[in-house]
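Take a look at the structure set out below.
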There are 2 protein chains.
Amino acid sequence: MNQTPWQPISPAKPVRASREPLTRERIVDAALRLLVEQGYEAVSMRKVAQALGTGPASLYAHVANKKELDQLMLDRAAAEMDLPDVDPEQWQEQLKAAMREILRVMRAYPGLARAAIGQVPLGEHALLTTERMLAILKAGGVPDQAAAWAVDLIPLFITATAFEESVQGAAGVAPEDLDVFVDQLRSYFGSLDPARFPLTIALAAAMTTGASGDDRFEFGAQVIVAGLASMVPRD
Amino acid sequence: MNQTPWQPISPAKPVRASREPLTRERIVDAALRLLVEQGYEAVSMRKVAQALGTGPASLYAHVANKKELDQLMLDRAAAEMDLPDVDPEQWQEQLKAAMREILRVMRAYPGLARAAIGQVPLGEHALLTTERMLAILKAGGVPDQAAAWAVDLIPLFITATAFEESVQGAAGVAPEDLDVFVDQLRSYFGSLDPARFPLTIALAAAMTTGASGDDRFEFGAQVIVAGLASMVPRD
DNA sequence: GTTCGTCAACGAACAGTGTTCGAAAGTACG
DNA sequence: CGTACTTTCGAACACTGTTCGTTGACGAAC
């Protein structure tokens with residue numbers, strides 16, 4: 001009755017939203033997938049949203065900001081850490097094993113270490129990791145204050161190591177190019193002025209050893225563990 | 001003769017360029033000034049250019065990219081480091097003094113540590129720093145391979161420390177708020193489930209001690225130095 | 001079934017980043 | 001003066017994180 005002959009032609013409305021509602025968990029899943037595939041720098045709100053079939057603004061209903069997304073990813077990573085049981089006779093080796101495990105997980109998420117730096121690890125899983133390290137240290141007789149500070153120092157070392165690796169990985173150094181780089185570095189050291197850099201020249205080979213593999217990390221772990229052991233009172 | 005009555009009104013041409021030609025050195029100066037005043041994140045090509053009275057594109061005639069500018073700033077910082085002379089009887093204290101000096105300079109340039117991570121320090125000044133550390137380590141009888149790797153480990157620790165501090169500083173934690181934060185952290189630790197986090201609870205006070213000042217850094221330095229000392233053969 | 005309130009989803013826009021490209025201006029040399 | 005080269009510059013690109021206002025979906029109450 002009220003129909004006019006010029007009904008407006010309304011454009012087809014795009015279907016709204018993806019079929020599955022967004023959740024924080026889905027967002028973290030998508031972000032971690034992106035991180036594993038393309039590295040940390042590739043994890044932008046836009047890319048995460050795109051992977052979920054939505055727009056970046058939609059994410060903000062579930063995570064406060066990018067920083068919070070980072071922390072959620074970190075806690076997810078920490079959930080994968082499986083630290084060794086405590087054995088007082090083996091505390092030093094166990095501490096090293098714990099360090100290796102933390103590094104293993106960090107390596108699985110290239111660049112995520114960047115998000116860990118400067119943050120007090122308060123996620124549930126991170127706290128469980130801290131608790132286990134404390135247990136190992138106390139089992140070894142490390143004094144309270146040293147143990148308390150060691151659970152800062154150790155993650156600092158591991159995080160920095162993981163972060164450094166990720167920076168180098170992101171710079172696109174292929175494994176086969178590493179030997180070339182090492183050779184160039186040795187040549188460079190060898191070309192320095194012997195009057196000013198005698199030790200650098202003398203130790204060039206040693207300094208360029210262990211560029212691949214875990215030798216450097218294991219060395220650092222040994223230094224830290226031995227340093228902590230030196231703080232254990234003698235009975 | 002050829003003058004028409006409708007002379008175009010041409011807008012006044014802006015004076016071109018700053019009076020003083022751009023140089024790489026001026027660019028690094030401006031960048032470091034910005035960094036000291038506003039922190040590393042504030043050092044954008046636009047801001048640097050603006051401080052020099054030009055546009056960001058002009059900078060690229062002198063520095064390849066932002067990353068190169070970062071490295072130039074780093075080498076400038078390294079030039080300020082004044083490491084102690086070598087005394088074999090005091091090598092451990094000297095190594096710690098060297099570490100303090102490196103940290104001091106890093107602190108003077110908040111956030112610059114980020115640029116150091118993952119880079120092999122090949123600038124002239126950085127190499128002189130490495131050489132001095134090697135001298136200290138060798139004077140102390142540290143084996144070659146350990147010394148060679150120590151000159152990676154030590155800067156890694158210091159750089160990570162400086163970087164962590166700068167992240168916390170950039171988050172805007174005022175000195176007077178630090179006590180509040182520490183109290184909140186203790187309360188948080190105290191509120192954890194004692195069945196799952198007995199040591200975290202027991203050591204909460206110790207873990208939140210030393211949030212300001214250098215206690216944590218000094219602890220880390222002592223651990224590393226003691227660890228290295230454990231590698232010195234006994235005669 | 002209808003209405004209302006709440007919340008999630010969304011697009012547009014903002015303010016910012018590093019960088020490139022082509023044009024214009026400056027400088028040195030023949 | 002003309003030419004070649006270099007520096008400077010504006011516009012634009014492709015991207016970042018985030019906000020704001022609107023729309024749509026959903027559940028509860030009537």
Side-chain angles (χ1 to χ4, degrees), chain A residues 8 10-31 34-35 37-73 111-112 114-115 119 167 170-172, chain B residues 8 10-28 30-31 34-35 37-73 111-112 114-115 167 170-172:
Chain A
S10 57
K13 298 252 188 201
V15 176
R16 177 142 191 189
S18 51
R19 188 168 300 273
E20 201 170 357
L22 281 186
T23 61
R24 182 181 276 212
E25 187 163 6
R26 288 188 63 225
I27 292 169
V28 177
D29 286 343
L34 263 179
L35 185 146
E37 287 167 6
Q38 300 178 35
Y40 177 74
E41 303 292 337
V43 183
S44 68
M45 301 303 263
R46 278 178 172 79
K47 287 237 185 82
V48 174
Q50 191 174 39
L52 291 166
T54 186
S58 309
L59 305 187
Y60 292 90
H62 300 272
V63 299
N65 47 46
K66 177 67 160 52
K67 183 175 171 182
E68 182 169 286
L69 179 57
D70 281 357
Q71 300 309 307
L72 290 168
M73 288 197 284
L112 189 56
R114 165 67 184 87
Q119 308 302 320
V167 169
Chain B
S10 59
K13 298 250 188 194
V15 177
R16 175 143 193 191
S18 53
R19 190 166 298 274
E20 200 171 359
L22 281 187
T23 60
R24 182 180 274 209
E25 185 162 9
R26 288 188 64 226
I27 292 169
V28 176
L34 263 180
L35 185 147
E37 287 166 9
Q38 300 178 37
Y40 177 75
E41 302 294 336
V43 183
S44 68
M45 302 303 266
R46 278 180 173 77
K47 288 240 184 74
V48 174
Q50 190 173 38
L52 292 165
T54 185
S58 308
L59 305 187
Y60 291 89
H62 301 271
V63 300
N65 46 45
K66 178 67 162 53
K67 183 173 171 184
E68 180 169 289
L69 179 57
D70 280 357
Q71 300 309 307
L72 291 167
M73 288 196 284
L112 190 55
R114 165 67 184 87
V167 168

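Chain naming here is simple, since letters A, B, ... match the order of the sequence lines and numbering starts at 1 in each.
- The pair A:E41-A:R114 does not meet the salt-bridge criterion, since no charged nitrogen lies less than 4.0 angstrom from a carboxylate oxygen.
- Atom CZ of A:R24 is separated from atom C1' of C:dA9 by 17 Å (rounded to the nearest Å).
- If you take CG of A:L34 and C1' of D:dT16, they are 15 Å apart, rounded to a whole angstrom.
- Seen from the ring of A:Y40, A:K47 does not count as a face-on cation partner, given the 6.0 Å and 45° thresholds.
- If you measure from atom CD of A:Q50 to atom C1' of C:dG11, you get 15 Å, rounded to the nearest angstrom.
- Considering A:D70, A:L112, A:L35 in turn, A:L35 is the only one that fulfils the side-chain contact (heavy atoms from CB on, under 4.5 Å) rule with A:V43.
- Distances shorter than 4.0 Å separate none of the side-chain N or O atoms of B:H62 from OP1 or OP2 on D:dT6.
- Contact record, B:A42 with B:L34: O-CD1, 4.2 Å, taken as the closest heavy-atom pair.
- Summarising the geometry, the separation between CG on A:L22 and C1' on D:dA25 is reported as 14 Å, rounded to the nearest angstrom.
- Regarding A:D70, its CG atom lies at a distance of 15 Å from the C1' atom of D:dT18, rounded to whole Å.
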Kindly give the atom pairs (protein nitrogen or oxygen, nucleotide nitrogen or oxygen) under 3.5 Å for nucleotides 12-18 of chain C.
unit_1, atom_1, unit_2, atom_2, d
C:dT17, OP1, B:S44, OG, 3.1
C:dG18, OP2, B:M45, N, 2.9
C:dG18, N7, B:R46, NH1, 2.5
C:dG18, O6, B:R46, NH2, 2.7

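- The closest side-chain heavy-atom distance from A:M45 to A:N65 is not below 4.5 Å.
- Tested against A:L22, the residues A:R24, A:R26, A:E25 include a single side-chain contact (heavy atoms from CB on, under 4.5 Å) partner, A:R26.
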